[in-house]
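Okay, so here's the structure we're looking at.
These numbers come from the heavy atoms of this one structure, side chains and all, not from hydrogens, waters or symmetry mates. Naming convention: chains lettered A, B, ... in sequence-line order (proteins, then strands); numbering from 1 in each chain. No experiment lies behind these values; they were computed from the predicted model shown.
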Amino acid sequence: MEIRPILASLRKHRIPTVLIVLEIALTCAVLCNAVFMIGQRVSAIRLPNAIDEHSLSTVGLSGTDEKTAGSDIPRNLAALRGIPGVQAAGAVSTLPLSHNNWGWSFGTSPDVSVFNKKTVNFSLFFLGEGADKALGLRLLEGRFFNADDYADSSFGSAPLPETHVTLVTHSIAERMWPGQSALGKTYYTTSHYYTVVGVIADVLRPNIDGQGEASNYFSAFYPMSAEGSKGNLRRYVLRSAPGDRDRVMRAAEQKLIELNPNGVTKSAIYSDMRDQYFADMRSMAWMLVLVCVVMLAVTAFGIVGLTSFWVGQRRQQIGIRRAVGASRGHIMQYFQTENFLLSGAGVVLGVAMAYGINLYLMQHYEITRMPWYYLPVSAVALWGLGQLAVLGPALRAANVPPVVATRSA
Amino acid sequence: MFGYYLDLALRSLKRNKVLTVLMVLAIAVGIGASMTTLTVMHLLSGDPLPGRSQHLFYPQVDPSSSPSQKQPFDVMDYRSAVDLWSAHRADRQALVAHATLKLRSPETNQPPLMAKTLATTSDFFPMFNVPFQYGSGWSADDDARNTRVVVISDDLNRKLFGGANSVGRTLQLKDSDVRIVGVLAPWRPSPVFYDVAGGRFSNGDTANFYGKPEDVYLPFGAGQDINPNSFEMFTCWGDDDGKHQQTSPCVWVALWVELDSATKASDYTSFLASYVAQQKSLGRFVHADDSRLMGLMQWLDFNRVVPSDVRLQMWLAFAFLAICLFNTVGLLLAKFLRRAGEIGVRRALGATRSAVFAQCLVEAGLIGVLGGIGGWLLTMLGLWLIRRQPVEYADLAHLDVAMFLSTFALAVVVSLLAGALPALRASRIAPALQLKTL
């Protein structure tokens, strides 16, 4: 295919050419970044979480007297375990993705302070007896807490539990002691230290930053006795068959209100809680999808419109070419090649812009570097879109009969 | 002449309906997307207290003993906040601390609930222009005597008392009886500016600053009596024993001051500096150069209150509008130049270049007005969609008059901008060349 006549004709229509190239470039740049942002959100929404998400329901109980927790919590749990369909029940301080975060920074050597830059921030989860089973935590190494661990743990005057045993997630183990077994290792903060007795599969923190990094899984677990919990075991977790969750949850809420007339309850099915956590991310992702689709449609129609005009303008020339021997295929090829060149220029410019926009967003927004493969993929997508858009007008051009050449415009 | 051009424009638009619809739709979609996001941006980044915000200031001091702090904490420790408040060196001053307390209404048969509670001082209501439905705030005397009174929100009043005048009724807050002295009218500051703190740690996810304000307001001292040592902490710089919140190494009280003139503001800055210096000489503070007095709007900026999702959406929408603009320019140009013959005839018959230019612009403007109407409808649809989103500011999304007018202004400006270049090209057409080919 001869390119020179195409370039010559584009040179004659310099302004529309520049405009369509700019339009394609901008579409390509926005598309890359929008698809990247959609991808980030989708991967955040899908983050795995090693608790038994689909069997859990939860009832929070607040407003009760902290002083009688030692007898109240076991009584409440016994009642909850008596509900038909409940496979396990336990009391916890917080749940993954519940927004209720208790963070603290720890280091691997005894000479640490909260302000030390080398410390790592964990989310603290306190488990009442049996809560490990209720949550369905998955042990990778070591052991869960035993009855003595639970009995020995309480809150004193510090905002940290008075115990020396802890369970950490695989991600914490990797971060604190890379390449080693975390079992038996100790981590420290100013006045407290904790020794790892077990490593569990990755459990999400109550709040995540949506960046999909290992820090989303910096969750540490501590045993907690009912009497020493000082109001920190306020959330009851129930495990049941997925089909029973709703009924179990309502029965549990009813039971807790009966047993604690002063309390205020708030219940949720865990998978709803997770959906709720990601609801705004999901809606942002859908909005981005909508913008991409409409944007691609506008660009495609722009190409259709402009090419149609050029076809209309060149009817006579097309007729002449046909009269002197060009086939329909030749005419179609002409417009397709023309579009290929235009899209090519737009895409090259667009990829550069996409990269620039990503750099800008990295500086000013909470966005990470875009992986390189987004660029060629969007480039190919826009090329394809251009070819698709030009098909209609090109077919119409190919259908111009040679006899047009003999008529005046 | 304008009427004639309008008639010509209509004829031209009718001649190629598909193209006209395409151009109008492109502009409408671009305008709809931009105006939706711009309206949200306008609602979220606006001044929550127009006319008063320039008089409101947020003092900060640094009580921490750690060496690595470069700036003060976002809120204050009890001692500093109460010292500065009781000095009464500003025109008005209000302390602010948060708790979620169990609330019961013994007089109505409602189940107990957990109520977001704000412990504050009497100046809070006049200082922030808080509207009252019934009753009023409490007095400075109530602050001093820790009187157990509360002001409740309109929402809570509807929930408990069906919206009736509940002034004088008694509620049980945690374990204490409190008397209602005031009921607020519906009040929805955007953002809840007096609660803003810690925005720089939230990774751009600041939508929670736009939630609903608290349901219960009570005197700061009474709050200390009713809910001792259990107010929400912002952070601690040392080990806290959990028993003596007022002397703990923790920050959890915010102070707002009203300073009605620039002189007073600079006086207050020096007062703050002298207070910090005095505390340092007493050995309570380590850092004397970390105090700060920001204005309300400055404080909101510092906390980057507008969620980064909202800002990103706005930029995205404007990039989208630019794409639609390029599209329209290209199509208009092709369209005008295709009429070269017609324009050549007009020019040969005596029309000036500016007349041709004006004619083309009228056509572009007409597309703009049509696109503006479409854009307005799409903006309404967009805002309706946002109201259904699971975000805290969803219920705020409405089109006000200013934004309604801007929609059309933007549409016409955009299409005139899009029309200018094609019209210029069309007006430059040499008549002789066109007439020759006729």
Side-chain angles (χ1 to χ4, degrees), chain A residues 13 15-16 19-20 22-23 26-27 29-30 33-34 37 62-63 113-117 155-160 190-191 209-211 230 257 262-264 266 276 279-280 282-284 287-288 291 294-295 297-299 301-302 304-306 308-310 312-313 357 361 364-367 408-409, chain B residues 18-19 22-23 25-26 29-30 33 66-69 100-104 111-114 174 203-205 207 233 236-243 308-309 311-313 315-317 319-320 322-324 326-331 333-335 337-338 341 385 388-391 421-422 425 437:
Chain A
H13 300 99
I15 297 175
L19 284 171
I20 199 84
L22 278 180
E23 185 179 344
L26 203 53
T27 307
V30 173
N33 282 285
M37 284 189 252
S62 40
S113 82
V114 186
F115 300 102
N116 195 326
K117 288 276 178 270
F155 273 105
S157 58
L160 284 167
T190 320
S191 54
D209 56 14
Q211 306 274 354
K230 276 199 166 172
I257 291 173
N262 282 330
V264 180
K266 195 174 180 214
Q276 190 100 39
D280 55 344
R282 193 172 290 118
S283 81
M284 176 77 176
M287 203 221 73
L288 288 169
V291 167
V294 178
M295 186 177 68
V298 166
T299 307
F301 282 121
V304 172
L306 203 64
S308 299
F309 262 107
W310 281 342
Q313 210 173 28
I357 292 176
L361 292 179
H364 296 270
Y365 296 89
E366 295 66 24
I367 279 179
S408 68
Chain B
V18 179
L19 193 76
L22 262 179
M23 286 193 287
L25 268 186
V29 172
S66 77
S68 60
Q69 286 254 110
T100 299
L101 299 181
K102 187 167 73 175
L103 177 78
R104 263 186 301 187
L113 49 92
M114 300 304 288
K174 207 165 180 185
N203 249 327
D205 188 10
M233 307 269 213
C236 300
W237 68 88
D239 271 359
D240 158 41
D241 66 2
K243 283 189 188 126
S308 65
D309 269 8
R311 283 177 288 149
L312 269 180
Q313 280 168 358
W315 289 119
L316 196 67
F320 185 50
I323 290 171
C324 296
F326 285 137
N327 197 11
T328 312
V329 177
L331 293 178
L333 192 65
K335 188 166 189 189
L337 291 186
R338 213 189 159 192
L385 280 174
R388 299 173 59 89
Q389 296 304 305
V391 286
L421 182 74
R425 282 295 306 250
T437 61

Across all chains, not counting sequence neighbours, the salt bridge (Lys or Arg N to Asp or Glu O under 4.0 Å) partners of B:Arg311 are none
Side chain to side chain, A:Met295 and B:Ile323, heavy atoms closer than 4.5 Å: yes
Bottom line for A:Leu361: the part with an atom under 4.5 Å from chain B's heavy atoms is side chain
Between A:Leu19 and B:Gly330, the two heavy atoms sitting closest are CD1-N, 3.6 Å
Rounded to the nearest 0.5 angstrom, the CG-CH2 distance for A:Asn33 and B:Trp315 is 14.5 Å
Correct closest heavy-atom pair for B:Cys324 and A:Val298 would be SG-CG1, 4.1 Å
For A:Leu26 and B:Ala319, the nearest pair of non-hydrogen atoms, with its separation, is CD2-O, 3.7 Å
Of all heavy-atom pairs linking A:Phe309 and B:Leu331, the shortest is CE1-O, 4.4 Å
Looking only at heavy atoms, the pair that brings B:Phe320 and A:Val291 closest together is CE1-O, 4.4 Å
CE of A:Met284 to CG of B:Leu316, rounded to nearest 0.5 Å, is 7.0 Å
Bottom line for A:His13: the part with an atom under 4.5 Å from chain B's heavy atoms is neither
Side chain to side chain contact (heavy atoms under 4.5 Å, CB included) evaluation trace for A:Met287 with B:Gln389: CA-CA 10 Å; A:Met287 203 221 73; B:Gln389 296 304 305; over 6 Å; no
Heavy atoms of A:Asn262 and B:Pro112 approach each other most closely as O-CG, 4.5 Å
Sorted by chain and number, sequence neighbours left out, ring-ring contact (aromatic ring centres under 6.0 Å, His included) with A:Phe155 holds for A:Trp102, A:Phe126
